[in-house]
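Note sheet for the following structure.
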Amino acid sequence: MAQELNGEAANGESFERFLREAGEEAKGDEILKLFLQSWRLVRDLVGKRVAEVATLMETEERVVNVEMLYMPESLKNRIIQEENGKDVVLVMSKKIGKTDLNKNDNRLLIPWGNLRDYSFLNQEEKTILDSKKGAKKGIEVSVIPPSLESNVKLKLKKWKTGYCLTEKWHSLVVNNQENGVEMGVTVNLWSFRNNSSELCFALQKC
């Protein structure tokens with residue numbers, strides 16, 4: 001039975017027909033029925049994921065990060081449809097710390113230890129941030145806040161401890177209660193490119 005099931009599984013219609021016939025043969029065999037139901041569930045889940053990936057890839061090949069499958073639809077639509085975003089990368093996932101909320105620090109730290117992908121910067125941006133002057137001045141970036149309200153303009157800078165989003169971070173993001181940026185809250189920081197290939201970010205509250 002298991003060998004036949006594995007063989008038929010490669011074929012959608014044949015697989016369904018096999019499950020139907022096997023179910024009829026199972027009759028009072030409750031264990032076999034549960035086994036067949038489990039296979040149907042697995043097939044449906046896999047089919048759903050495959051369809052989601054196909055839909056994302058059809059969006060003018062804008063999505064390159066499969067982790068976007070777990071991004072809220074509201075944020076996904078904002079990035080892809082409203083911002084015409086492409087080259088989406090999950091840059092960081094971390095819990096908001098005390099210094100991230102400190103008005104005097106006025107920045108969201110992206111520690112080296114939490115950095116998941118270095119590819120969000122292009123060569124020109126890396127060169128700027130690797131220079132002493134560029135690291136201090138930073139690069140202006142547009143950021144979608146957790147509330148999905150209007151984008152805010154911040155500066156991406158490079159420190160010894162990691163990158164950081166600063167200048168107006170506290171007044172535009174932390175001070176806005178709609179964003180819900182509080183101590184201990186887990187956030188995901190996504191990067192993407194707009195129509196002008198400019199570096200942008202989206203901050204997601206998990």
Side-chain angles (χ1 to χ4, degrees), residues 41-97 100-101 107-122 124-126 139-156 162-170 172-206:
L41 180 60
V42 170
R43 179 205 57 187
D44 292 344
L45 289 174
V46 170
K48 182 180 179 181
R49 286 303 182 196
V50 170
E52 289 176 345
V53 171
T55 299
L56 289 175
M57 296 307 292
E58 287 172 1
T59 311
E60 299 181 11
E61 298 183 346
R62 290 175 183 163
V63 178
V64 296
N65 197 324
V66 73
E67 289 173 305
M68 278 195 73
L69 288 172
Y70 305 100
M71 178 188 287
E73 286 298 321
S74 55
L75 180 56
K76 192 184 303 179
N77 292 336
R78 173 68 174 272
I79 292 175
I80 297 176
Q81 297 180 11
E82 297 182 33
E83 304 286 340
N84 293 310
K86 59 182 179 180
D87 300 335
V88 182
V89 173
L90 178 57
V91 177
M92 172 192 74
S93 181
K94 78 164 200 174
K95 289 185 177 181
I96 294 293
D100 295 316
L101 302 176
R107 55 85 183 122
L108 172 67
L109 183 63
I110 308 169
W112 300 124
N114 292 89
L115 197 59
R116 298 174 62 114
D117 196 324
Y118 288 81
S119 68
F120 70 97
L121 293 174
N122 60 31
E124 180 182 0
E125 293 159 350
K126 288 178 182 177
I139 300 172
E140 185 175 80
V141 293
S142 180
V143 180
I144 301 173
S147 63
L148 300 182
E149 295 177 350
S150 299
N151 292 11
V152 297
K153 295 292 185 181
L154 301 177
K155 286 286 189 73
L156 176 68
Y163 295 106
C164 64
L165 289 173
T166 185
E167 293 192 15
K168 298 184 179 181
W169 157 257
H170 194 275
L172 296 180
V173 181
V174 177
N175 269 359
N176 186 342
Q177 294 184 356
E178 294 297 321
N179 289 322
V181 178
E182 302 172 346
M183 184 72 177
V185 167
T186 299
V187 295
N188 286 336
L189 181 66
W190 302 84
S191 72
F192 63 94
R193 300 281 166 175
N194 61 18
N195 276 338
S196 301
S197 294
E198 296 170 329
L199 178 62
C200 303
F201 290 96
L203 187 64
Q204 171 200 353
K205 178 184 174 184
C206 299

Is the backbone N or O of [Y] less than 3.5 Å from a side-chain atom of [X], with the two atoms forming a donor-acceptor pair by type?
X	Y	answer
Arg193	Phe120	yes
His170	Arg107	no
Asp100	Gly97	yes

Is any side-chain heavy atom of [X] closer than 4.5 Å to a side-chain heavy atom of [Y]?
X	Y	answer
Val152	Lys168	no
Leu121	Tyr163	yes
Ile96	Leu108	yes
Leu148	Ser74	yes
Val181	Trp169	yes
Glu167	Leu154	no

Mind checking the [atom1]-[atom2] spacing from [X] to [Y]? Nearest 0.5 Å is all I need.
X	Y	atom1	atom2	value
Leu115	Met92	CG	CE	9.0 Å
Trp190	Leu203	CH2	CG	12.0 Å
Asp87	Ser119	CG	OG	8.5 Å
Leu172	Asn151	CG	CG	11.5 Å
Arg116	Lys94	CZ	NZ	14.5 Å
Lys76	Glu82	NZ	CD	14.5 Å

Exercise. Should the pair Trp112 and Tyr118 be assigned to parallel (<30°), tilted (30 to 60°) or perpendicular (>60°) ring geometry?
Worked result: parallel
Return the minimal non-hydrogen interatomic distance between [X] and [Y], and the atom names on each side.
X	Y	value
Ile144	Glu83	CD1-CG, 3.9 Å
Lys153	Ser142	NZ-CB, 3.8 Å
Ala202	Ile79	CB-CD1, 4.0 Å
Leu165	Val141	CD2-CG2, 3.8 Å
Lys86	Asn194	CE-O, 4.0 Å
Asn179	Lys205	O-CD, 3.8 Å

Exercise. Within a radius of less than 6.0 Å around NZ of Lys155, do more than 12 heavy atoms belonging to other residues, nucleotides or ligands occur?
Worked result: yes
Exercise. Are more than 12 heavy atoms from other residues, nucleotides or ligands located less than 6.0 Å from atom NZ of Lys126?
Worked result: yes
For this session: Please assess Leu199 against Leu156 for the test side-chain contact (heavy atoms from CB on, under 4.5 Å), listing each intermediate value before the final yes or no.
Result: CA-CA 10 Å; Leu199 178 62; Leu156 176 68; 3.9 Å; yes
